[in-house]
Number of protein chains: 2
Amino acid sequence: MSQKRQLLIDTALELFYNNGINSIGINEVLTTSGVAKRTLYSHFKSKDELVMAALQQRHDRFSRWLEAKLSAASSDREVIGCLFGALRSWFGNNEPELGNFRGCFFINTSAEFSDLDSEVAQFCRHHKLEVRRIIAGHLHSDDPLLLDTLCLLKEGAIVTAHLTGSGEAVAARCMEILTQRP
Amino acid sequence: MSQKRQLLIDTALELFYNNGINSIGINEVLTTSGVAKRTLYSHFKSKDELVMAALQQRHDRFSRWLEAKLSAASSDREVIGCLFGALRSWFGNNEPELGNFRGCFFINTSAEFSDLDSEVAQFCRHHKLEVRRIIAGHLHSDDPLLLDTLCLLKEGAIVTAHLTGSGEAVAARCMEILTQRP
DNA sequence: TTTCGGGTAGACCAACCTGTCTACTTTTGG
DNA sequence: CCAAAAGTAGACAGGTTGGTCTACCCGAAA
């Protein structure tokens, strides 16, 4: 069905991710995509609905990407290697399907929407839970402490990579930290 | 000198931290503080300048707070305890001087300002470096891997606490992770 | 007493925001 | 082949933004 709808979502996601949702107006999405305003509002009844569609799109894409990256791992040690190897590659802008690295879209979006009960904030929580579930699904032991460690270090790495810019060193450091454990 | 200036900074910081900088207009700062617009623009030549003053204020307050929390520690193990104990207390809204917990002001602000060269983004980087320096100053061994571990887990904890809401459990988990190492 | 810095209230400006609307054109399926 | 669906351009409405400006007030120091 409608390819314009998909074009709008793709354009919105890229602009939102690169500039923040509040910094991007509807008109910028329209001029960038070359779609008419009327068309946008025939597919989405408000900007919020477009935002939700962009979040969903990012979530799907990121989940598929992560799942593929972890699928090769056949031991916990390999899961660690795959996970932080993938992150390092992302931080270094070598994962075209995820776009130019600018932190985690869901962390960034949460920072912009203060109302914790809003649909947007709820979806961000949902995303993080799903990512955790994906990682858990690839670990052999179901040591909850290991899972928490991976998730916490992953979040720390993403934020630090975004803020400092030295993302690849950060990801490598995470692997050092984790391989130094029993 | 001028107490109005300080009142403006305090009001702006609270509003910015609780709602995000782009969501708060100058007029909201004015009505909340009860100060006239003319007065604001006699102290700050633009909103950006007010934003910078708010960032500086937050940085000073947070640094002093952290320094005080870590000053009691006399061993690396105690530094870990003090650090994540302080974070747990912050996450649980038991640190009035830091206000109601809503993540890290600098991480949130970085998410809103995409230009990495902007004064705002530079200050956020500076803040994180300073915090790292404070932690390093209280560690006895100068094991860089330990320092990195603490900083990464700290960022992960802040982000996760903000996104999921279960902050105190997260901080406790970090301590478990760290005490389980040699 | 006069002068002046710091303050107030609020009208005003240009730019931008989301969202609606009219009027017209293109695409596509039965 | 023609009707319905999907698209276009862009004016418009009503509100908000950051920022400027005029006109006035007050208290303290020279």
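By convention in this document, chain letters (A, B, ...) are assigned in the order of the sequence lines, proteins followed by strands, and residues within each chain are numbered from 1.
Atom CG of Asp142(B) has 12 or fewer neighbouring heavy atoms from other residues, nucleotides or ligands inside a 6.0 Å radius. Other residues, nucleotides and ligands contribute more than 12 heavy atoms inside 6.0 Å of the CD atom of Glu168(B). More than 12 non-hydrogen atoms from other residues, nucleotides or ligands lie less than 6.0 angstrom from CD of Glu78(B).
By the ring pair (Phe, Tyr, Trp, His ring centres under 6.0 Å) test, His59(A) is found to be paired with Phe123(A), His126(A), His127(A), residues two or more places apart in sequence or in another chain being considered.
The aromatic ring centres of Trp90(B) and Phe84(B) sit 6.0 Å or more apart.
Side-chain atoms of Glu119(B) and Asp48(B), non-hydrogen and from C-beta on, never get closer than 4.5 Å to each other.
Ile24(A) has its CD1 atom 10 Å from the P atom of dT18(C), to the nearest Å. Atom-to-atom, CG of Leu40(A) to C1' of dA6(D) comes out at 14 Å; the value is rounded to the nearest Å. A straight line from NZ of Lys47(B) to P of dT16(D) spans 15 Å, rounded to a whole angstrom. The interatomic distance linking Leu50(A) (CG) with dC17(C) (C1') rounds to 15 Å, in whole Å. We find that CZ of Arg5(A) is positioned 20 Å from C1' of dT8(D), with the value rounded to whole Å. If you measure from atom CG of Leu7(A) to atom P of dG7(D), you get 10 Å, rounded to the nearest angstrom. Between Asn27(B) atom CG and dC17(C) atom P the separation is 17 Å, expressed in whole Å. Between the CD1 atom of Ile26(A) and the C1' atom of dA11(D) there is a distance of 18 Å, rounded to whole Å.
Taking only side-chain atoms of His43(A), from C-beta outward, the nucleotide of dG18(D), dG19(C), dG7(D) with the closest atom is dG7(D).
Contact annotation: Lys45(B) does not reach the phosphate of dG18(D) (side-chain N/O to OP1 or OP2, under 4.0 Å). For the pair Ser42(B) and dG6(C), the criterion of a side-chain N or O lying under 4.0 Å from OP1 or OP2 is not met. The shortest distance between the side-chain N/O atoms of Lys4(B) and the OP1/OP2 oxygens of dG7(C) is not below 4.0 Å. A sub-4.0 Å separation between OP1 or OP2 of dG7(D) and a side-chain N or O of Thr39(A) is absent.
Counting any heavy atom pair closer than 4.0 Å across all strands shown, Ser46(B) reaches sugar-phosphate atoms only and no base atom. Contact annotation for Leu30(A): no contact, since no heavy-atom pair falls under 4.0 Å across all strands.
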Between the protein and nucleotides 21-23 of chain D, list the N/O to N/O atom pairs that are separated by less than 3.5 angstrom.
from, atom 1, to, atom 2, distance (Å)
dT22(D), O4, Arg38(B), NH1, 3.4

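In the hydrophobic clustering of this structure, Val120(B) does not group with Ile107(B); members are Ile, Leu, Val, Met, Phe, Trp, Tyr whose side-chain heavy atoms approach within less than 4.5 Å, directly or through other members.
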